[in-house]
Amino acid sequence: MRDGLGNLGTRRRNQSVEDESGVGERDTGMDSNSWEGWKGLQYRQVRLPPHAIKAEPGASSSHHLETLIPVQLTFAMDDLRQWPDPVVPVQSLSDGGLTGIPEKYVKPPSDRPSLEANLDPGLTMPVVDLRGIYDGSVDSRAAMVAIWDACKEWGFFQVINHGVRQDLVEEMKGVWREFFRRPSDEKQGYANSPATYEGYGSRVGVEKGAVLDWGDYYFLHLLPRSIESHDRHWPARPSTLSRNVTEEYGGEVFKLCGALLRVLSMGLGLDEEYLRRAFGGDGTAACVRVNLYPKCPQPELTLGLSPHSDPGGLTVLLADDHVEGLQVRKDGAWLTVRPVPGAFIVNVGDQLEVISNGIYKSVDHRVIASSKDERLSIAFFYNPEGDVAIGPARELLTPQLPPLYPCITFNEYRLYVRKRGPSGKSQMKSLKLY
């Protein structure tokens with residue numbers, strides 16, 4: 001049976017499937033010009049949400065189905081057991097009074113920020129006032145149109161009057177600044193591994209010999225409860241306040257993302273709950289990454305975070321009020337973002353680009369280093385449930401507008417980033433069918 005996402009061989013959960021491992025080399029024998037025509041690819045058994053399936057007559061729509069879908073797998077979780085080299089926190093290097101950065105942080109000349117062209121200094125990222133969306137005023141339509149346009153043209157926008165209390169925002173920044181001021185040995189007690197990235201870390205990707213970024217971070221899973229970070233991953237200091245504040249902050253930003261997702265659904269001409277269902281409904285995931293970019297003696301040679309698009313669904317960034325650093329690629333050049341006081345910076349992730357079939361854009365962005373000040377930012381990631389297949393919404397497809405991307409689960413997709421680290425939009429480009 002072919003479902004609305006173009007998958008083949010859909011089966012009820014627990015029904016036996018060929019190749020128990022979930023991976024097998026098969027030639028579909030289909031036209032290579034069609035979006036189902038991936039030849040000789042590996043297949044993985046995944047879960048499809050009810051909305052994505054044309055149910056069989058008399059079948060219940062309340063439970064998930066399983067299917068075999070083509071995916072590009074070039075590595076496995078076995079590759080992610082440990083870091084290839086000892087990890088040295090960048091903060092310890094910065095605090096040690098270096099006058100030059102170690103060679104492993106020096107970017108190739110073409111990747112250094114000093115060589116990039118500048119955009120028109122008058123060009124600014126869209127800023128959207130969400131007050132009308134929350135109170136249902138006549139301004140709500142204008143706000144929604146502004147969000148739709150920003151996601152199509154920029155992939156980024158800032159939001160004000162977003163509904164998250166300012167005192168909670170300040171508390172969140174405060175507890176995590178305090179954590180990064182703790183003794184190095186104490187922080188190292190929470191050192192992470194590439195298997196889940198949970199905890200304290202300083203690199204993304206496990207390729208040996210990779211050029212590293214000038215930044216440290218702390219990563220935690222918040223939702224769903226089934227994958228929430230274990231107690232051992234939460235810092236004991238600065239007291240349990242850090243967990244309480246982080247969970248409350250996460251809950252509020254999660255609500256904001258839900259509201260934005262409804263707006264984005266309507267912008268595609270779909271019902272307002274469509275994207276939430278596509279993300280897995282109640283299984284929609286949330287995680288947080290707190291970034292510290294220490295002072296750097298040679299910022300012209302490195303980056304705080306290399307160019308990348310976010311692999312997930314929607315990102316809400318709490319940027320540093322006092323130190324600029326985020327840059328977004330616009331019209332082939334890098335634009336330095338100037339955060340509006342009290343605003344969040346929102347950007348489209350790769351999964352939203354896939355579901356919208358390229359209508360909404362996930363965009364390259366990076367972080368530059370500073371020789372004068374350290375910088376703290378907090379990224380909240382609103383992601384699809386890990387084992388739900390993500391593909392272009394069938395309602396958006398026509399013979400003239402075929403699917404640009406295949407179906408793949410988020411768990412499969414993000415393995416690429418976890419192995420290779422930030423690498424522009426190379427993963428999206430490798431999956432694109434046209």
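Being a predicted model, the structure only gives us computed values, none of them experimental.
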Check this for me: does any side-chain nitrogen of one of [X] and [Y] sit under 4.0 Å from a carboxylate oxygen of the other?
| X | Y | result |
| --- | --- | --- |
| D271 | R277 | yes |
| E252 | R165 | no |
| D321 | R375 | no |
| R366 | D213 | no |
| R243 | E228 | yes |
| D85 | K208 | yes |
| E178 | R181 | no |

(message) Would R289 and F219 count as a cation-pi pair here, with the cationic atom under 6.0 angstrom from the ring centre and within 45° of the axis?
(response)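 No, R289 does not lie over the aromatic ring of F219.
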(request) Report yes or no: is the cationic atom of K361 (NZ for Lys, CZ for Arg) closer than 6.0 Å to the six-membered ring centre of W154, at no more than 45° off its axis? (result)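 The answer is no; the distance or angle limit is not met.
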Closer than 3.5 angstrom, by distance alone: can the side chain of [X] be matched with the main-chain N or O of [Y] as a donor-acceptor pair?
| X | Y | answer |
| --- | --- | --- |
| N383 | A285 | no |
| W148 | V263 | yes |
| Q351 | P311 | yes |
| K425 | S362 | yes |
| D310 | G312 | no |
| S94 | V90 | no |
| T302 | P299 | no |
| S239 | A236 | no |

(message) Suppose we call two aromatic rings close when their centres sit under 6.0 Å apart. Are F156 and H365 close by that rule?
(response)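 Close enough - the centres of the two rings lie under 6.0 Å apart.
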(request) Verify whether the ring centers belonging to Y200 and W176 lie closer than 6.0 Å. (result)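 No - the distance between ring centres of Y200 and W176 does not fall below the 6.0 Å cut-off.
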Can you tell me how far [atom2] of [Y] sits from [atom1] of [X], rounded to the nearest 0.5 angstrom?
| X | Y | atom1 | atom2 | result |
| --- | --- | --- | --- | --- |
| C296 | I101 | SG | CD1 | 5.0 Å |
| Y413 | L431 | OH | CG | 6.5 Å |
| H308 | S426 | NE2 | OG | 12.0 Å |
| L326 | I345 | CG | CD1 | 5.5 Å |
| S229 | E247 | OG | CD | 9.5 Å |
| N357 | Y434 | CG | OH | 10.5 Å |

Within-4.5 Å side-chain heavy-atom neighbours: [X] and [Y]:
| X | Y | answer |
| --- | --- | --- |
| Y382 | T284 | yes |
| E374 | L292 | yes |
| Q298 | Y105 | no |
| R203 | P84 | yes |
| I390 | I355 | yes |
| F380 | F254 | yes |
| V346 | L314 | yes |
| E273 | R262 | yes |

Heavy atoms only: give me the nearest [X]-[Y] pair and the separation to one decimal.
| X | Y | answer |
| --- | --- | --- |
| P194 | R418 | O-CD, 4.5 Å |
| R112 | E300 | CB-O, 3.5 Å |
| P339 | Q158 | CA-OE1, 3.5 Å |
| A150 | P126 | CB-CG, 4.1 Å |
| P294 | G215 | CD-CA, 4.2 Å |
| G313 | P384 | N-CD, 4.1 Å |

Check the side chains of [Y] and [X] for a donor-acceptor pair under 3.5 angstrom, ignoring hydrogens and angles.
| X | Y | result |
| --- | --- | --- |
| Y416 | S430 | no |
| E324 | T336 | no |
| E395 | Y274 | yes |
| E272 | S265 | no |
| D350 | S309 | yes |
| D231 | H233 | no |
| D387 | T409 | no |

Parallel, tilted or perpendicular: which fits the ring planes of [X] and [Y], with parallel below 30° and perpendicular above 60°?
| X | Y | answer |
| --- | --- | --- |
| F179 | Y218 | perpendicular |
| F344 | Y249 | perpendicular |
| W83 | Y197 | perpendicular |

Step through the shown structure and confirm whether more than 12 heavy atoms of other residues, nucleotides or ligands are within 6.0 Å of [atom1] on [X].
| X | atom1 | answer |
| --- | --- | --- |
| R237 | CZ | no |
| K295 | NZ | no |
| D282 | CG | no |

(message) For S202, run the side chain to side chain contact (heavy atoms under 4.5 Å, CB included) check against N192, V87, V88, L93 and tell me which one passes.
(response)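 Between S202 and the candidates, side chain to side chain contact (heavy atoms under 4.5 Å, CB included) is satisfied uniquely by V87.
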(request) Give the intermediate values and the outcome of side-chain contact (heavy atoms from CB on, under 4.5 Å) for residues K107 and L301. (result) CA-CA 6 Å; K107 302 293 182 183; L301 297 182; over 6 Å; no
(request) Applying side-chain contact (heavy atoms from CB on, under 4.5 Å), run through M125 and V328 and close with a yes or a no. (result) CA-CA 9 Å; M125 180 181 292; V328 173; 3.8 Å; yes
(message) Apply side-chain contact (heavy atoms from CB on, under 4.5 Å) to residues V363 and N347 and explain how you reach the verdict.
(response) CA-CA 8 Å; V363 172; N347 64 279; over 6 Å; no
(message) Between V159 and I147, is the side-chain contact (heavy atoms from CB on, under 4.5 Å) condition met? List the steps.
(response) CA-CA 9 Å; V159 293; I147 291 172; 5.6 Å; no
